[in-house]
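By convention in this document, chain letters (A, B, ...) are assigned in the order of the sequence lines, proteins followed by strands, and residues within each chain are numbered from 1.
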Amino acid sequence: MDVVKVFLLNSPYLKLDYLPPLEVQVSDLKIGSRVVVPLGKKRICVGIVQSICFLDSDCEFNLKRIVLPLENPLISETYFKLIEDMSKRYAGNFAQILSNVLPSIFKKIPRKIWIGSKVYSVDKILSSDVDYTRYITYWREKKVYFFKDSDNFLVKLKNKSVKKIRGKIKQAIIDLLKENNVLSISEIKSFLAKKNIYSSLDKLEREGLIVIFKEKTLQNRLSSVEYKLNNSQYNIAKEMEQVLTTHKFETHLLHGITGSGKTFVYLHLLKKCLEQGKSAILLLPEVALAWGMFQRLKKLLSYKHIYFYTGNLPDLEKQRIFYISSHTPTLIIGTRSSIFLPFYKLGLIIVDEEHVESYKQEQGIYYQTKEIVYFLAKQNNALLLLGSATPDIKTFYSANQGNIFKHTLDKRFGLSLPPKIIVIDLKNKQNKDIFSQKIFDKLSDVITKGEQVIILHNRRGYCPILYCSSCGNTIKCPSCDISLTYHKKNNSLMCHYCGFKIKFPPICSVCESSNFSFYGEGTEKIEEFLKKKFPNITILRLDKDIVQSRHKFKEILQSFERGEGQVLIGTQMLSKGHDFANVTLGIVLDGDLGLNFPDYRARERLFQLLVQLCGRVGRRDKRGEVYIQTRNKALDFWNFVENGDYIGFCKQELKKRKLFDYPPFVNLGLIRVSFARDWEEKDVFLDELTKQCLIFAKNFEGKVLGPVPAPIYYLHSKYRYHILLKSLQWSNIRTFFLNLKTNLLDKRVLSKKRQVQLILDLDPVSIL
DNA sequence: AGCACGCCGACT
DNA sequence: GTCGGCGTGCTC
Ligand SMILES: [Zn+2]
Ligand SMILES: [Zn+2]
């Protein structure tokens with residue numbers, strides 16, 4: 001008897017045994033196939049075939065049968081290995097991880113399938129024997145499609161010059177095509193975030209403005225515009241090209257300062273990789289950056305299968321790219337979720353801005369993109385290239401140890417010197433003023449000259465802290481241990497962690513008074529202050545409150561780039577801008593940003609942010625200046641900043657980390673414990689947790705710190721506790737976690753109500 | 001996660 | 001007797 005083992009892609013994420021589908025030879029069913037299976041009395045859900053085995057005897061269990069086979073297979077064996085590795089590494093459930101990393105459309109039972117150009121309803125196939133038999137016949141011959149093929153059709157403009165046309169959607173399509181030359185129907189749907197564009201496309205085609213064609217007519221050949229690498233770019237690119245041609249697994253670090261032309265090294269390698277018929281990924285830390293890179297590279301490189309990919313794409317577009325990338329050499333430009341596409345012959349992975357912390361996923365499942373990408377590159381004998389102007393200290397250390405090949409690009413392309421950095425000490429100054437006198441004078445001076453200024457301040461809203469004037473109580477969010485921020489524009493108080501919002505003024509929860517004093521300032525207040533001081537100039541602001549959409553973000557940046565504002569004030573998102581041609585002054589109002597958090601990464605993070613900001617300051621013909629205010633100038637950190645000496649800083653930071661046992665000298669694991677505020681047995685639980693930790697700590701090779709209340713011990717109506725583990729081996733940390741968890745389950749303190757959450761976070765990024 | 005099953009108190 | 005509330009445990 002043949003038995004098929006299936007991982008469920010839905011809760012309860014179990015591995016269950018089934019009989020093969022009716023009328024299907026097990027030899028036709030592949031490992032990694034997606035199948036529809038019955039579950040319990042009345043549910044049906046989707047799963048992935050893990051293995052097929054033959055049992056001599058009949059099973060004592062009454063097995064149910066797979067009701068429908070779908071993609072055969074959906075994922076390959078190497079993909080399985082990747083998920084297996086993740087489930088071991090992060091001590092998680094295989095099915096749950098798989099379900100998290102696959103495009104969510106695969107977790108649902110499809111409603112329609114296509115055979116030839118005909119649509120069939122899956123419900124009907126499931127309920128009628130005749131339809132089922134016909135389906136299986138086509139399925140066996142691989143003639144069933146799970147995607148509407150005509151959405152792969154390509155669209156281009158008939159004439160380059162199109163005048164204004166009527167119809168909002170039609171105009172949007174035309175604009176998009178002007179930017180992108182050729183796009184598939186699916187891409188147009190995705191980029192416009194509209195589902196129903198068929199009638200508009202139809203009209204445009206009949207008006208003779210666009211052409212819709214099957215992809216065969218588009219050149220499959222790869223070509224690129226002429227580009228010339230300078231000497232150092234050329235040498236670096238050639239060395240890595242050699243690795244590509246010999247299909248060797250190697251990790252390289254490209255340490256290139258802002259404006260040194262890292263992108264052209266990327267371009268060269270991507271092109272070579274595709275020429276060799278292999279797939280490539282170019283990762284960027286954020287959607288906006290990925291989109292910018294995609295637009296830029298499409299102009300430099302022409303190839304049929306270049307796709308923009310992020311987790312936010314519409315389901316159908318993600319599904320389409322998933323299918324294409326599984327059987328075609330593809331270039332994906334996208335954010336971290338791109339790494340879970342089923343790449344065909346992966347040859348090159350580039351991680352740009354590799355130091356950025358958003359490569360760590362900390363929602364749903366926890367993983368570090370760089371770790372997974374390392375596994376992928378090794379598995380596929382691919383080249384892994386990490387690029388940054390300010391490499392992660394861990395990467396820097398690996399390079400010094402000789403585990404990573406390091407290359408440096410230190411010449412700015414056609415730009416002046418990097419800006420001069422001046423750190424201003426606020427120690428002897430009363431708290432009242434936002435700007436120190438020196439900086440304010442400088443600011444006025446630059447404004448009078450007609451040059452541009454960017455001001456970084458990492459706190460949005462008007463005022464971050466409110467005190468009750470009569471009793472001194474600070475106003476906090478009812479669901480979090482976080483001060484509410486006053487927003488003047490909508491006269492309300494907001495929690496920046498959970499989104500809670502109330503009208504101003506609130507009533508003090510202690511004394512019921514309604515008089516408050518304000519402390520500190522956010523971007524909104526600084527904008528107001530500057531508008532009063534300089535009423536005749538335009539001041540722009542860039543933060544999450546202003547930027548409600550990706551579109552708005554671009555709009556403000558572009559307007560500043562065109563010189564339509566003289567001052568741009570914003571949170572760290574302003575360091576993401578590119579072509580500020582006339583900025584000669586940068587100001588950082590709160591240089592101590594995060595330095596007093598209990599986070600060993602704080603200094604590294606701040607340095608990286610400052611370097612990023614410096615990259616935005618300076619003109620072709622004039623060296624810029626960046627002023628930073630701090631209350632703690634005595635720190636030697638500021639010496640390195642003033643000298644722009646990132647490498648020196650890294651070396652010194654490494655010494656500190658070695659001394660205090662921090663990465664890269666130990667591995668860090670954080671067990672995050674959280675439970676509802678009103679849980680009655682929490683004291684019993686915490687006692688037991690502390691006891692168990694002490695017991696396991698005895699045999700633990702490393703240090704166990706905690707459980708202690710988290711720095712933000714109350715968030716989203718939940719209490720939070722941390723257990724920090726330090727060890728030389730990841731496996732020790734995993735074992736500790738698994739033992740702790742099973743022991744608590746055995747003692748019945750965990751499972752009673754599923755009120756407690758226990759999460760293992762390896763190499764935590766956010767430790768609040 | 002859902003859903004059935006079973007045990008107990010309140011109500012016809 | 002039986003209806004419905006919730007706590008417990010299983011899903012091939
Ligand atoms: Zn809150
Ligand atoms: Zn009060």
Side-chain angles (χ1 to χ4, degrees), chain A residues 1-26 28-70 72-75 80 83-84 87 90-110 123 126 132 315 363-366 674-676 678-682 684-685 688 716-718 741-760:
Chain A
M1 184 182 62
D2 291 301
V3 175
V4 185
K5 292 186 184 295
V6 174
F7 279 117
L8 302 181
L9 288 185
N10 294 298
S11 215
Y13 301 113
L14 293 170
K15 183 170 81 177
L16 300 175
D17 296 344
Y18 290 92
L19 295 171
L22 283 173
E23 298 173 48
V24 169
Q25 298 282 319
V26 272
D28 283 338
L29 192 64
K30 295 199 178 103
I31 287 172
S33 284
R34 190 161 75 112
V35 291
V36 180
V37 293
L39 182 67
K41 287 265 154 96
K42 55 174 90 159
R43 273 186 291 174
I44 51 170
C45 79
V46 175
I48 300 285
V49 174
Q50 184 239 359
S51 60
I52 300 163
C53 52
F54 183 79
L55 283 184
D56 278 327
S57 55
D58 266 13
C59 183
E60 71 279 13
F61 212 95
N62 198 8
L63 293 183
K64 286 184 186 171
R65 196 175 280 286
I66 293 174
V67 292
L68 194 71
L70 302 169
N72 186 29
L74 179 72
I75 58 175
F80 249 108
I83 307 298
E84 228 156 62
S87 75
Y90 301 119
N93 172 312
F94 183 98
Q96 194 158 186
I97 293 174
L98 181 60
S99 158
N100 258 289
V101 303
L102 284 176
S104 59
I105 198 163
F106 292 126
K107 293 177 221 169
K108 293 176 232 154
I109 297 162
D123 278 348
L126 284 174
Y132 178 81
D315 275 350
Q363 270 181 52
I365 56 170
Y366 288 64
S674 64
F675 47 82
D678 49 12
W679 190 30
E680 282 146 19
E681 293 152 280
K682 65 178 177 230
V684 184
F685 168 75
E688 190 59 34
H716 283 107
S717 302
K718 292 199 161 170
K741 198 170 172 179
T742 41
N743 235 290
L744 289 171
L745 280 167
D746 286 351
K747 296 256 171 190
R748 310 232 146 211
V749 253
L750 253 189
S751 75
K752 282 234 168 167
K753 275 179 191 170
R754 262 145 259 217
Q755 298 213 41
V756 196
Q757 236 191 345
L758 220 61
I759 295 171
L760 176 62

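- Regarding Lys107(A), its NZ atom lies at a distance of 13 Å from the P atom of dG2(B), rounded to whole Å.
- Remark: Lys64(A) is in phosphate contact with dC12(C), judged by side-chain N or O atoms under 4.0 Å from OP1 or OP2.
- Rounded to whole Å, atom C1' of dC12(C) lies 5 Å from atom CG of Leu16(A).
- With a 4.5 Å cut-off on side-chain heavy atoms, Tyr90(A) and Ile365(A) do not count as touching.
- Atom CG in Leu8(A) sits roughly 13 Å away from atom C1' in dC10(C) (whole-Å rounding).
- Look at NZ on Lys15(A): it is 16 Å from P on dC12(C), rounded to the nearest Å.
- Taking atom CG on Asn10(A) and atom P on dC12(C), their separation rounds to 14 Å, with Å as the unit.
- Atoms CG (Leu9(A)) and C1' (dA1(B)) sit 14 Å apart, rounded to a whole Å.
- Residue Lys42(A) is in sugar-phosphate contact alone, with no base atom involved, counting any heavy-atom pair closer than 4.0 Å across all strands shown.
- Relative to the side chain of Leu14(A), the nucleotides dC12(C), dT11(C), dA4(B) differ in distance, and dT11(C) lies closest.
- Exactly one residue among Asp315(A), Asn10(A), Leu9(A) makes a side-chain contact (heavy atoms from CB on, under 4.5 Å) with Lys108(A). That residue is Asp315(A).
- Atoms NZ (Lys5(A)) and P (dT11(C)) sit 14 Å apart, rounded to a whole Å.
- The aromatic rings of Phe80(A) and Phe7(A) sit tilted relative to each other, their planes meeting at an angle between 30° and 60°.
- One can place CG of Asn62(A) at 18 Å from P of dC10(C), the figure rounded to the nearest angstrom.
- Phosphate contact (OP1/OP2 of dC10(C), side-chain N/O of Lys41(A), threshold under 4.0 Å): absent.
- In terms of modelled atom types and a separation under 3.5 Å, the side chain of Arg65(A) and the main chain of Pro20(A) share a donor-acceptor contact.
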